[in-house]
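Written below as structure tokens is the structure these notes are about.
Here the structure is a predicted model, which means the values were calculated and not measured. Remember, it's 1-based here, ligands and their atoms both numbered in the order they're listed.
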Amino acid sequence: TTDNINPGEVVDKSIAQNKVMIFSKSSCPFCLKIKDLFKSLNVEYVALELDQINNGAEIQNALLEKSGQRTVPNVYINGEHIGGADKTISLHTQGELLPLINKSSHSYDYDMVVIGGGSGGLAASKESANLGMKVAVCDFVTPTPKGTTWGLGGTCVNVGCIPKKLMHQSAILGGELKDSREYGWDTPETVTHDWGRMVEAIQNHIGSLNWGYRVALREKKVDYLNAYATFTDPHTIKTVDRRGKEKIITSDKFLVATGGRPRYPDIPGAKDHTITSDDIFSLPHAPGKTLLVGASYISLECAGFLAGLGYDTTVMVRSILLRGFDQQIAEKIGTYMEQHGVKFIRGAVPTNIEKIEEGTPGKLRVTAKTTDGEEVVGEYNTVVVAIGRDPCTSGIGLENAGVDLAKNGKVVVEKGEQSSVPHIYAIGDVMEGGLELTPVAIQAGRLLARRLYRKDSLQTDYVNVPTTVFTPLEYGCCGLSEEAAIDKYGEDDIEVYHSSYQPLEFTVAHRPENDCYAKLVCVKSENEKVVGFHILGPNAGEITQGFSIGLKLGATKADFDNLIGIHPTAAEIFTTLNITKRSGKDVSAQGC
Ligand code: FAD
Ligand code: NDP
């Protein structure tokens, strides 16, 4: 009750004690509108309903004296008089309301410093700035042993998803040029490809993206420091730019989003003579005969586009293809690639790499050992190692800040991407238990900023994240592999529906009938809920993105059956799957 308190005192105390104070009347539509606005922004406010207290009129008089405004709503933020509904709404539409509310109450240089200007770091910094915080991003690329370096945007834009997908597209176009003859085009029998022109075009595109990111940071008023950051204590970093200029910066909160870099095998000649995915997309000369070491995403994707562009391509596989993915499909990918010119050396690891000829690309001799102890020697113009990536968490002073790291070097986080030091967070490829995928890093960055600065509660959901391997036949999946589903639910409780299929486009082009494949992994005891979606075929990424919402929403096999297909598409195969793996029936493509 405010009955026995001096009205002026009620006004002063209410303003001083509450970040957002609304003097309101419960029946006033403008007051309702303002309260709804704050609710929609997840901003806590206190409203004193002047029509529901005895001395409301006196308080209104005191408000007039203090603010020059008698009408309601009368809004104060952080002790500052804002005004009525129109003024508050216009501040919001100009993007100035949240900055006023989130005004810092600390003495650090920044509210948030993000270390790493890649997918996750840029998303988090822009979102934090949108919510009114003072933000800086440090991004620095340590050159590869070959001297390759790049601009703002991190792995995805410069040496990952973007150049990879564009080179995949270049290879696909080569295949389609061949198809085009069957479709009536007078395409010459032999067409040539110019590596240098492709690289230049792709690098030009990347350059424009780098520039766009810098502009976006400037527009959002995020300070960009092209400098390497190292923690010196839990609230302080030292940054060093490429000229060696040092700067000390303090911040209330930090986000570690430093990503990862390719690992080199510990064998003679590896760092001197091989390249990695950090070099290949800007390689100024054609790679020639190429060996790729490793059998996961990066190796197979690069092998796919190199073979598609016409290079003699070999993959050295230590154990299996695409560990962690559905192994039936991983093998189908291998078979298709083998039929389309990629050679595989199975069960082998390199032991020595020596240069036997200078030049661009020059020539290398690779000695390898098989699991049977046999020695295999081969000569290649280029060797690409893709044997995994190490998180960039060493040498950045995380020990000075007291941040716990897992055995693999990634940052251990609690729910909410919070490290062992409460004001230091980690997202993206450096986060233990996450997924090394661009959209995951972006989502984690955005949602973290909203939880920190808008009081949202939504956490990033790391389950049922769709992904695609961009091998010559793309492989899209969401949910569990068949093996993982059997592990989780037991073989008897899993029903697998599957079929080979031939995209219509393949028919006139006389491409094989049974290379493409679709499969749904269902749990019998849960009404045949679909827990694994898998497709091997052209445009698998596009198809998987759409269907993955079904898995997120808990779709069952019956839901897929009830869905009417779009004809003629490849995706419609998922609406007509009726052969179970258990039945052992033939799943060869059936025609239209
Ligand atoms: P990054 O994007 O790696 O950004 C980290 C940044 O921090 C870098 O710029 C780094 O130089 C900088 N940095 C590091 N340490 C410091 C420091 N101390 N101070 C200042 N700056 C620092 N994902 C997909 O979703 N789809 C794909 O098709 C795909 N293809 C890929 C292909 C390849 C060849 C590779 C390598 C990766 C691919 N990925 C793909 C994975 C994706 O690129 C990563 O998951 C994503 O970029 C991770 O984002 P991030 O923000 O965690 O880190
Ligand atoms: P991975 O860690 O996934 O795979 C490493 C591969 O190298 C495995 O085949 C492994 O074999 C092999 N290997 C490991 N050590 C050696 C060694 N000493 N000698 C020979 N072979 C070895 O790494 P990637 O670099 O392929 O990918 C990293 C991450 O990047 C992925 O997890 C993925 O999330 C992300 N990415 C995403 C893409 C997409 O979305 N399309 C594309 C590319 C990358 P073994 O199985 O025997 O251990």
For ligand 1, is any non-hydrogen atom under 4.0 Å from [X]'s backbone (N, CA, C, O), its side chain (CB onward), both, or neither?
X    : answer
P262 : neither
R389 : side chain
I298 : side chain
L437 : both

What residue and heavy atom of the protein are closest to [atom], and at what distance?
atom                    : answer
atom 40 (C) of ligand 1 : C161 SG, 3.1 Å
atom 12 (C) of ligand 2 : G294 CA, 4.0 Å
atom 7 (O) of ligand 2  : I387 CA, 3.2 Å
atom 3 (O) of ligand 1  : T155 OG1, 2.5 Å
atom 42 (C) of ligand 1 : T438 OG1, 3.4 Å
atom 44 (C) of ligand 2 : I298 CG1, 3.4 Å
atom 4 (O) of ligand 2  : S296 CB, 3.0 Å
atom 23 (O) of ligand 2 : G388 CA, 3.4 Å
atom 53 (O) of ligand 1 : G259 CA, 3.3 Å

Going through the checks in order, is the ring pair (Phe, Tyr, Trp, His ring centres under 6.0 Å) test met by H168 and F470?
-> CA-CA 7 Å; H168 169 68; F470 293 95; 5.7 Å; yes
Out of all atoms in ligand 1, which are within 4.0 Å of some heavy atom of [X]? Include the element for each.
X    : value
G428 : 52 (O)
A227 : 19 (N), 20 (C)
P439 : 25 (O)
I396 : 18 (N)
E436 : 41 (C), 45 (O)
G120 : 51 (O)

Examine the proximity of ligand 2 to [X] and report which part, side chain or backbone, both or neither, has a heavy atom under 4.0 Å away.
X    : value
K164 : side chain
D429 : neither
E301 : side chain

Under 4.0 Å to a heavy atom of [X] - the qualifying atoms of ligand 2, by number:
X    : result
S319 : 45 (P), 46 (O), 47 (O)
T468 : 39 (C), 40 (O), 41 (N)
T467 : 40 (O)
A386 : 6 (C), 7 (O)
V349 : 19 (N), 20 (C)

To the nearest 0.5 angstrom, please state how far the [atom1] atom of [X] sits from the [atom2] atom of [Y].
X    : Y    : atom1 : atom2 : value
T236 : F254 : OG1   : CZ    : 6.5 Å
H534 : L536 : NE2   : CG    : 11.5 Å
E436 : M431 : CD    : CE    : 10.5 Å
T144 : I275 : OG1   : CD1   : 9.0 Å

Compare [options] and give the one whose heavy atom is closest to [atom].
atom                    : options                : result
atom 14 (C) of ligand 1 : T258, V159, T239, I427 : T258
atom 37 (C) of ligand 2 : Y297, Y475, F470       : Y297
atom 19 (N) of ligand 1 : A386, C138, A229       : A229
atom 43 (O) of ligand 1 : C156, S119, G160       : C156
atom 5 (C) of ligand 1  : G395, G154, A257       : A257
atom 11 (O) of ligand 2 : R318, R263, E474, E436 : R318

Please work out whether the ring planes of Y228 and F140 are parallel, tilted or perpendicular, with thresholds of 30° and 60°.
-> perpendicular
How are the rings of H340 and Y336 set relative to one another: parallel (under 30°), tilted (30 to 60°) or perpendicular (over 60°)?
->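 If you compare the ring of H340 with that of Y336, the planes turn out parallel.
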Quick check: are there more than 12 heavy atoms from other residues, nucleotides or ligands sitting under 6.0 Å from CD of Q203?
-> yes
Please confirm whether R261 comes under 4.0 Å of ligand 1, counting heavy atoms of the residue only.
->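 R261 does not count as a contact of ligand 1 under the 4.0 Å cut-off.
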In plain terms, say whether E338 and K343 are close enough for a salt bridge, that is, a side-chain N and a carboxylate O under 4.0 Å apart.
-> no
Should K369 and E375 count as an ion pair when the cut-off is N to O under 4.0 Å?
->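 Looking at K369 and E375, the cut-off is not met.
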May I have the step-by-step check of salt bridge (charged side-chain N to carboxylate O under 4.0 Å, His left out) for D278 and K146, ending in yes or no?
-> CA-CA 9 Å; D278 279 359; K146 293 276 171 240; over 6 Å; no
Does any N or O atom in F140 lie less than 3.5 angstrom from one in ligand 1, N or O only?
->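 Indeed, backbone or side chain, F140 has an N or O that close.
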Geometric N/O contact A295 with ligand 2, under 3.5 angstrom = yes
Would you say ligand 2 has an N or O under 3.5 Å from any N or O of R323?
->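 So ligand 2 has an N or O lying under 3.5 Å from an N or O of R323.
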